[in-house]
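Here the structure comes first, spelled out in structure tokens, and everything after it is commentary.
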Amino acid sequence: MMAHELESAEELAQPVTNLMFEFQQFYDMVANFFRDYPDLKEGSLPPVHSVKSRIKSHQSIVDKIDRKKRKGRIITKDNVFDELTDVLGVRVLHLHTRQFDVIYRVIMDRVANGKWYLFETPVAYTWDPELKEYFSGFEINAQEKDIYTSVHFVVVDPTDERIKCEIQVRTLFDEIWGEIDHTLNYPYITDNVHCYEQLRVLARLAT
């Protein structure tokens, strides 16, 4: 039996938990940046409406590793930090889609200045073909996905590549609907067909 098969989710989560102080420092910096950066607060209708943020608990990290392993992911102490890119989560909410232009520019300026690094190409999930075309105009991997629209960035702390933060940018409507969908569909998708179809209908009405 290979060594990685002997490592439990609890054992794999421990190195991440041990670094939680450093995670907290990067978390505070990213969240406060979106709350305080002047370009995101300008005008009567600023580009950022509000910011939500959270840090996964130790048990949430263990559960995430368990779910990934059940899906066939091979997770070891050597790659656990790259597998868990959402220990830190920051949601940047705006009122209408075109405000994304400013938010995207600010994030990419931060990357260009070496304040953050991108772990991977940003991904836009959307059910709307027109929005998919819009997001494809940026350096973003635009993908079709049911229910709601959200753009995901994973940024890396330049002082410690183990520490990453997932930034989700979405409209306030999509955030409200995402919360409803998350309650019913996460971590496991509902197997109630009628419930799922109603989610799809209401998602379109809310956008």
Side-chain angles (χ1 to χ4, degrees), residues 16 23-24 26-37 39-41 46-57 60-61 63-64 67-68 81-111 115-128 131-132 134-157 163-189 199 202-204 206-207:
V16 181
F23 270 101
Q24 179 76 54
F26 190 55
Y27 166 82
D28 290 340
M29 187 270 288
V30 174
N32 289 333
F33 172 80
F34 286 107
R35 292 188 177 105
D36 299 334
Y37 191 67
D39 286 5
L40 300 177
K41 299 170 64 178
V48 171
H49 172 274
S50 53
V51 178
K52 296 177 64 176
S53 54
R54 62 102 186 99
I55 302 180
K56 281 187 180 295
S57 66
S60 292
I61 293 170
D63 293 343
K64 184 69 175 279
R67 290 196 298 273
K68 280 179 167 280
F81 287 97
D82 286 343
E83 289 287 335
L84 299 176
T85 59
D86 63 344
V87 173
L88 308 179
V90 173
R91 289 184 186 170
V92 181
L93 308 180
H94 53 105
L95 290 180
H96 61 83
T97 301
R98 295 295 168 177
Q99 291 176 313
F100 176 78
D101 297 52
V102 178
I103 299 169
Y104 175 82
R105 175 181 56 78
V106 165
I107 292 174
M108 297 310 291
D109 283 350
R110 195 82 174 158
V111 171
K115 302 297 184 181
W116 302 334
Y117 297 139
L118 287 178
F119 177 67
E120 58 194 6
T121 302
V123 180
Y125 300 104
T126 182
W127 58 269
D128 187 335
L131 285 179
K132 182 181 178 182
Y134 167 71
F135 289 123
S136 295
F138 302 90
E139 293 182 18
I140 288 176
N141 177 14
Q143 301 179 11
E144 289 189 22
K145 183 177 181 179
D146 273 352
I147 304 300
Y148 62 95
T149 296
S150 184
V151 185
H152 295 192
F153 301 78
V154 176
V155 296
V156 183
D157 182 347
I163 300 173
K164 302 170 182 69
C165 177
E166 183 182 64
I167 301 168
Q168 298 182 2
V169 183
R170 61 178 69 162
T171 66
L172 189 59
F173 278 125
D174 279 312
E175 170 64 9
I176 294 168
W177 188 245
E179 289 291 337
I180 297 172
D181 176 62
H182 192 276
T183 300
L184 298 174
N185 264 340
Y186 187 85
Y188 304 106
I189 297 174
L199 284 173
L202 291 174
R204 282 151 178 75
T207 300

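- Considering every non-hydrogen atom in both K64 and L84, the closest pair reads CG-CD2, 3.7 Å.
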Determine whether I163 and V156 satisfy the following criterion, side-chain contact (heavy atoms from CB on, under 4.5 Å), listing intermediate values before the conclusion.
CA-CA 6 Å; I163 300 173; V156 183; over 6 Å; no
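- For the residue pair D174 and T149, the shortest heavy atom distance occurs at OD1-N, 3.3 Å.
- Judged by distance alone, with hydrogens and angles left aside, the side-chain atoms of Q99 form a donor-acceptor pair with the main-chain N or O of P46 at under 3.5 Å.
- Two residues are said to be in side-chain contact when any heavy atoms from C-beta on lie closer than 4.5 Å; H94 and E175 fail this criterion.
- The shortest non-hydrogen separation linking K132 to T126 is N-CG2, 3.6 Å.
- The only member of D28, D157, L88 that meets side chain to side chain contact (heavy atoms under 4.5 Å, CB included) when paired with F23 is L88.
- Looking only at atom types and distance, the side chain of S53 has a donor-acceptor partner in the side chain of R35 under 3.5 Å away.
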Evaluate the criterion side-chain contact (heavy atoms from CB on, under 4.5 Å) for residue pair I167 and W116; output intermediate values, then yes/no.
CA-CA 12 Å; I167 301 168; W116 302 334; 4.0 Å; yes
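- Summarising the geometry, atom CZ belonging to R110 is positioned 9.0 Å from atom CZ belonging to F34; distances are rounded to the nearest 0.5 Å.
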Are E139 and T121 close enough, and set up right, to give a side-chain contact (heavy atoms from CB on, under 4.5 Å), and what steps lead you there?
CA-CA 8 Å; E139 293 182 18; T121 302; 5.9 Å; no
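- Pairing each heavy atom of K164 with each of F26, the nearest pair is C-CE2, 4.4 Å.
- Counting all heavy atoms, side chain and backbone alike, L93 lies closest to K52 at CD1-CD, 4.1 Å.
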Decide yes or no on salt bridge (charged side-chain N to carboxylate O under 4.0 Å, His left out) for D101 and R105, but give the supporting numbers first.
CA-CA 6 Å; D101 297 52; R105 175 181 56 78; over 6 Å; no
Would you please test I140 and F100 for side-chain contact (heavy atoms from CB on, under 4.5 Å) and show each step?
CA-CA 12 Å; I140 288 176; F100 176 78; 3.6 Å; yes
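- Counting only distance, with no hydrogens or angles, the side chain of Y27 and the backbone of V87 share no donor-acceptor pair below 3.5 Å.
- Here the CG-OH distance, from N32 to Y37, works out to 15.0 Å after rounding to the nearest 0.5 Å.
- Between the CE atom in M108 and the CG atom in L118 there is a gap of 5.0 Å [rounded to 0.5 Å].
- In this structure, NZ on K145 lies 8.5 Å from OG on S150, to the nearest 0.5 angstrom.
- Taken to the nearest 0.5 Å, the CZ atom of F119 stands 12.5 Å off from the CZ atom of F81.
- Between Y104 and F153, the angle of the ring planes lies from 30° to 60°, which puts this pair in the tilted group.
- Contact detail for A31 and V51: the closest heavy-atom pair is O-CG1, 4.2 Å.
- Under the 4.5 Å side-chain criterion, counting only non-hydrogen atoms from C-beta, D109 is not in contact with D39.
- Note that CD of E166 and CZ of R54 are 7.0 Å apart. Values are rounded to the nearest 0.5 Å.
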